[in-house]
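Everything below concerns the one structure shown next.
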Amino acid sequence: MARKPNLLVILIDDLRYDEFGAGGHPYMKTPCIDRIAHEGALFERAFHTTPICSPNRASILSGQYASRHGIIDNVARDLASHRLPNYHLELQRLGYETAHIGKWHMGNDGKPRPGYDFWVAYDGHGRLYDPKLNENGTYVQHKGYVTDIMNRMAVDFIRSKHDKPWSLFFAHKAVHPDAEQAADGTFIMDGYRAAGRHKDLYRGCVFPKKPNMLSPAEVIKHKPAWAEAFELRKSKQSRMLMDAIHSGKQEEIRLRACMMAAVDEGVGMIFDALKQTGELDNTFIVFLGDNGYFFGEHGLGPDRRFPYEEGIRSPFVVRYPTRIKAGLRVKDLVICQDIAPTLIELAGGKPGPQIQGASFLPLLAGGKRKGGWRKSLLVEYWAENAMPWLVGMTYKCVRTDRYKYIRWINRNRNGELDELYDLERDPHEINNVIKRPAYRAIRDKMQRNLRSLVTAALGL
């Protein structure tokens with residue numbers, strides 16, 4: 001009988017789809033992460049379906065949409081995250097040793113969750129320096145840079161003796177800035193901080209301006225739903241938050257790239273540990289982000305919550321030589337919910353009916369899933385009290401190969417604020433064609449598609 005593969009998911013906080021070397025970043029060097037793509041597969045169109053931390057992490061682990069698992073925002077949903085139908089529960093039943101190392105952030109306590117034999121996490125967002133970690137139920141104070149500490153712990157786990165195949169969910173704090181959550185749910189940002197050895201990397205480097213990096217006044221010409229939100233964002237609190245992290249400035253982009261240097265070093269350490277233990281080619285590695293991020297596109301930032309490509313696309317690379325030909329590029333529409341059923345299938349199990357994603361293993365062989373692969377996907381978001389300038393910005397969105405339709409749930413009479421984009425002709429989503437007669441049939445079809453996807457996500 002063939003050995004079951006080890007399963008490794010490496011999750012980065014707030015990383016954009018183009019924020020690593022192989023993803024197209026103009027100056028960031030990530031040779032170890034790029035190795036996953038060069039020796040495996042790069043998914044060109046992988047998506048988050050609720051592009052903020054807690055809901056999307058829950059979707060990755062459960063294989064469900066947020067409207068099904070119920071973790072719809074970043075509020076402290078501790079109890080819900082203890083009851084999450086996590087794929088590691090199934091892996092344990094299939095004979096796996098399971099581990100979580102790093103950021104949890106579904107509920108603000110870092111205590112162990114069901115489904116894990118080994119556990120390291122921290123409360124809330126944790127700290128970039130000198131973190132206090134919950135290690136299998138006991139809090140331990142550490143000294144040093146959190147990415148370096150997490151890298152060593154992941155390597156130690158891989159190198160330790162295992163009597164079973166293992167599954168490790170390794171979730172970095174990078175590239176999220178330090179943040180303290182106040183009693184009213186708002187966040188106080190302390191800014192991006194790289195490891196000392198990396199703080200001067202990329203000095204003078206410039207991230208080129210994209211066509212959709214527009215002023216709010218230019219944005220609302222085609223996106224009228226944003227008029228009130230942009231006005232509310234002028235508050236003192238919002239300005240302080242943006243100033244704290246250099247929002248919309250080249251320094252923000254540079255500091256994030258500096259933080260990724262330690263992440264990439266850790267991936268290199270993991271490659272070495274897997275090779276030394278003889279498990280490199282027997283380990284299925286997935287590398288992705290937990291949501292996107294805006295660098296000023298559509299007048300947005302610091303943010304990731306909205307259904308434009310920079311918010312919902314994910315870096316997504318996979319390595320497993322047994323199944324994947326080196327250098328494969330996958331163009332099919334993949335969502336984060338596809339990870340759970342893929343790993344369960346690799347472990348020899350069958351995904352249960354509660355899972356809404358689909359195993360992407362057939363795509364790695366150049367084929368299609370029986371019954372066909374998805375032609376569209378749902379993105380959903382519920383406005384949060386923690387971001388008062390976004391009050392009322394709840395939406396549902398459907399994306400197909402070519403089109404994107406955004407339905408703003410509030411502030412919207414008869415759909416006059418909705419948006420429709422022809423991504424083939426307008427990849428930067430600048431021109432809203434919702435009112436153009438030539439797109440009326442497309443609009444109506446997309447609206448029907450959205451209703452169908454929302455119904456399916458709810459399990460109705």
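Just so it is clear, the values below take in all heavy atoms, side chains as well, and ignore hydrogens, waters and symmetry mates. None of the values given here were measured: they were computed from a predicted structure. One-based numbering along the sequence shown.
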Do [X] and [Y] touch side chain to side chain, with heavy atoms closer than 4.5 Å?
{"X": "L378", "Y": "Y65", "result": "yes"}
{"X": "K173", "Y": "M150", "result": "no"}
{"X": "P321", "Y": "E39", "result": "no"}
{"X": "R305", "Y": "M393", "result": "no"}
{"X": "I270", "Y": "I10", "result": "yes"}
{"X": "R127", "Y": "V146", "result": "no"}
{"X": "H82", "Y": "D109", "result": "yes"}

At what distance, to the nearest 0.5 angstrom, does [atom1] of [X] lie from [atom2] of [Y]?
{"X": "Y139", "Y": "Y122", "atom1": "OH", "atom2": "OH", "value": "12.5 Å"}
{"X": "L288", "Y": "C336", "atom1": "CG", "atom2": "SG", "value": "8.0 Å"}
{"X": "Y17", "Y": "I312", "atom1": "OH", "atom2": "CD1", "value": "10.5 Å"}
{"X": "D163", "Y": "K161", "atom1": "CG", "atom2": "NZ", "value": "3.5 Å"}
{"X": "L133", "Y": "T138", "atom1": "CG", "atom2": "OG1", "value": "12.0 Å"}
{"X": "H176", "Y": "H125", "atom1": "NE2", "atom2": "NE2", "value": "4.0 Å"}

So does [Y] get a backbone contact from the side chain of [X], meaning a donor-acceptor N/O pair under 3.5 Å?
{"X": "R193", "Y": "K199", "result": "no"}
{"X": "E19", "Y": "A257", "result": "no"}
{"X": "D338", "Y": "A358", "result": "yes"}
{"X": "K4", "Y": "A347", "result": "yes"}
{"X": "T394", "Y": "A383", "result": "yes"}
{"X": "N291", "Y": "C53", "result": "yes"}
{"X": "D14", "Y": "V175", "result": "no"}
{"X": "D18", "Y": "H25", "result": "no"}
{"X": "R113", "Y": "K111", "result": "yes"}
{"X": "N151", "Y": "A262", "result": "yes"}

Q.
Ring-plane angle category for Y381 and F306, please: parallel below 30°, perpendicular beyond 60°, tilted otherwise.
A.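 Perpendicular.
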
W226 vs W408 aromatic rings, parallel, tilted or perpendicular, using cut-offs 30° and 60°? perpendicular

Give the minimum heavy-atom separation between [X] and [Y], together with the two atoms involved.
{"X": "H162", "Y": "F157", "result": "NE2-O, 2.6 Å"}
{"X": "W382", "Y": "A66", "result": "CZ3-CB, 3.8 Å"}
{"X": "H48", "Y": "G311", "result": "CD2-O, 3.9 Å"}
{"X": "L364", "Y": "A41", "result": "CD2-CB, 4.1 Å"}
{"X": "S62", "Y": "I355", "result": "O-CG1, 3.7 Å"}
{"X": "T30", "Y": "G21", "result": "OG1-N, 2.7 Å"}

- Pair H172-T147, side-chain hydrogen bond (donor to acceptor under 3.5 Å, both in side chains): steps then yes or no: CA-CA 7 Å; H172 278 289; T147 306; 4.5 Å; no

Looking only at side chains, do [X] and [Y] share a donor and an acceptor under 3.5 Å apart?
{"X": "H69", "Y": "Q337", "result": "no"}
{"X": "E419", "Y": "Y308", "result": "yes"}
{"X": "D178", "Y": "Y129", "result": "no"}
{"X": "E429", "Y": "N212", "result": "no"}

Margin query: Determine whether L333 and R399 satisfy the following criterion, side chain to side chain contact (heavy atoms under 4.5 Å, CB included), listing intermediate values before the conclusion.
Written below: CA-CA 9 Å; L333 302 176; R399 192 206 192 278; 3.7 Å; yes

Start with the C-alpha gap between Y192 and E252, add the side-chain angles, then the distance that decides, and say whether side-chain hydrogen bond (donor to acceptor under 3.5 Å, both in side chains) holds.
CA-CA 8 Å; Y192 298 102; E252 178 184 32; 3.1 Å; yes

- request: Using the side chain to side chain contact (heavy atoms under 4.5 Å, CB included) rule, take D281 and T322 through it: C-alpha gap first, then chi angles, then the decisive distance, then the call.
  value: CA-CA 7 Å; D281 289 348; T322 301; 5.7 Å; no

Quick one: ring pair (Phe, Tyr, Trp, His ring centres under 6.0 Å) partners of H142, sequence neighbours excluded?
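Ring pair (Phe, Tyr, Trp, His ring centres under 6.0 Å) check on H142 returns nothing, list empty.
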
Self-check item: NZ/K210: more than 12 non-hydrogen atoms of other groups inside 6.0 Å
Solution: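 Result for NZ/K210: enclosed.
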
> Does atom CZ of R323 have more than 12 heavy-atom neighbours from other groups under 6.0 Å away?
Replying inline: no

Could you go through E44 and R329, starting from their C-alpha distance and side-chain angles, then the distance that decides it, and tell me whether this counts as salt bridge (charged side-chain N to carboxylate O under 4.0 Å, His left out)?
CA-CA 7 Å; E44 297 180 351; R329 308 282 288 223; 2.9 Å; yes

- prompt: Could you walk me through whether Y421 and I406 pass the side chain to side chain contact (heavy atoms under 4.5 Å, CB included) check?
  reply: CA-CA 9 Å; Y421 298 99; I406 304 168; 4.1 Å; yes

Ring-ring centroid check F43 F360, cutoff 6.0 Å: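 Yes.
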
Distance flag, aromatic centroids of W166 and F118, threshold under 6.0 Å: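 Ring centres of W166 and F118 not closer than 6.0 Å.
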
(Q) For a salt bridge (charged side-chain N to carboxylate O under 4.0 Å, His left out) check, start with the C-alpha distance between D13 and R57, then their side-chain angles and the critical distance, and finish with the verdict. (A) CA-CA 10 Å; D13 198 328; R57 287 165 185 263; 3.4 Å; yes

Worksheet item: Should the pair R256 and Y293 be classed as cation-pi, given the thresholds of under 6.0 Å to the six-membered ring centre and 45° from the axis?
Response: yes

Geometric cation-pi criterion, R35 with F271: 6.0 Å, 45°: yes

* **Verdict with supporting geometry, R254 and F207, side chain to side chain contact (heavy atoms under 4.5 Å, CB included)** => CA-CA 8 Å; R254 187 190 74 83; F207 192 92; over 6 Å; no

- So R68 and E380, salt bridge (charged side-chain N to carboxylate O under 4.0 Å, His left out) or not? Walk me through it. CA-CA 11 Å; R68 175 79 69 89; E380 50 186 356; over 6 Å; no

Quick note, salt bridge (Lys or Arg N to Asp or Glu O under 4.0 Å) partners involving residues 81-92, not counting sequence neighbours, are E90-R93

Fill in: Test log, rule salt bridge (charged side-chain N to carboxylate O under 4.0 Å, His left out), inputs R233 and D303
CA-CA 12 Å; R233 194 175 62 175; D303 222 312; over 6 Å; no

